[in-house]
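Letters go in sequence order (proteins before strands), and every chain restarts at 1. The model shown is predicted, which means the values in this text are computed figures rather than measured ones.
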2 protein chains.
Amino acid sequence: MITNKAVLKDRLLAKGIKPTYQRTAILGFLLDNRTHPTIKSLHNSLVKTIPTLSKTTLYSTLELFAAKGLVAPLTIDRSEVRYDGLASSHHHFLCERCGRIIDVDVSCANSRRGEIGGHRIKEVHGYFKGICKDCLKQTYKTNKRRIFHG
Amino acid sequence: MITNKAVLKDRLLAKGIKPTYQRTAILGFLLDNRTHPTIKSLHNSLVKTIPTLSKTTLYSTLELFAAKGLVAPLTIDRSEVRYDGLASSHHHFLCERCGRIIDVDVSCANSRRGEIGGHRIKEVHGYFKGICKDCLKQTYKTNKRRIFHG
DNA sequence: GCCTTATTTGTAATCATTACAAATTGGATT
DNA sequence: AATCCAATTTGTAATGATTACAAATAAGGC
Ligand SMILES: [Mn+2]
Ligand SMILES: [Mn+2]
Ligand SMILES: [Zn+2]
Ligand SMILES: [Zn+2]
């Protein structure tokens, strides 16, 4: 756990959430790992430290965190919800090669204005899909190697 | 059916899809109704004209249409995929009061550039959440009435 | 009409999420 | 430190969208 335990406790208490062992560990993992994990992968990771941890606890805890604005649920995957420890609005990039979901910094003029086409904006959700920087490099290397070796 | 049957046939043939009765009806509905319906609501609507229509056909047909770029699946709802008869990239507005998903016209500088933070963009997905123009009007009326009647 | 193949249909399996009740925990009170 | 109480956690079962699959049906060429 990189994030200080006292910091986690304070963040939870600031939202009126009792800082239990499970909750602290879940929030800590999300702040340390900016991978936008699914419930399944969260469980796989956290069960190593908390062998009794149930998926039900993950579901209810993340629902609570989301309601309090501590985390943001992402609906990018068709099949599973992903959770983001960075709750402030930002955009994402889904790499169709490596599957990673990466934070991107986008300033959206429409969202700044607070309305679009007469509709009042409360939330902005955006993501791009394509090939990430690292996978592009990989392609380049692969091509070079292929060319080099014949 | 507003959209001409011959037009539908041509659109399907242009993508190399055999224009069956079911496929023509499904595409026609999506072009006539820009409501971004779910499988369930598509079935409810279309079963009136095609009583034997199965949900399996809807799933497989829409998967085929999406693969050919005839329709766009939207992952805005957490629980159900919605389908858009307008396949060219555009943004949406989800009204948290009436639940409608409305097309909005947004020009995104990042998407025009084709890359963001070094990542190569292939698709752009964006939606806003808030209160739509019509529901805002409704709120106003309600407030006025309340003020007026004491 | 008959044959072949694509499409459609019904049914069953899968899997994430939700519902729910029992077990456990942690803190307050005695 | 034992007891009590409410909140939290846990395990299990239900739900519901999606997928898998095989049988029924339809369409097109002969
Ligand atoms: Mn993020
Ligand atoms: Mn649309
Ligand atoms: Zn990648
Ligand atoms: Zn509305």
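- Separating the CG atom of B:Leu46 from the P atom of C:dT8 is a distance of 13 Å, rounded to the nearest angstrom.
- A straight line from CZ of A:Arg82 to P of C:dA16 spans 12 Å, rounded to a whole angstrom.
- With sequence neighbours left out, A:Phe93 forms a ring-ring contact (aromatic ring centres under 6.0 Å, His included) with B:His119.
- For A:Arg11, the CZ atom sits in a loose shell: 12 or fewer heavy atoms of surrounding residues, nucleotides or ligands are nearer than 6.0 Å.
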5' to 3', nucleotides 6-19 of chain D under a 4.0 Å protein heavy-atom cut-off (B base, S sugar-phosphate only, - none) gives -SSSBBB----SBB
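- No more than 12 heavy-atom neighbours from other residues, nucleotides or ligands sit within 6.0 angstrom of CD on A:Glu63.
- For A:Glu96, the CD atom counts as densely surrounded, since its 6.0 Å shell holds more than 12 non-hydrogen atoms of other residues, nucleotides or ligands.
- Ring geometry for B:His90 against B:His36 counts as tilted: the plane angle lies between 30° and 60°, on a 0 to 90° scale.
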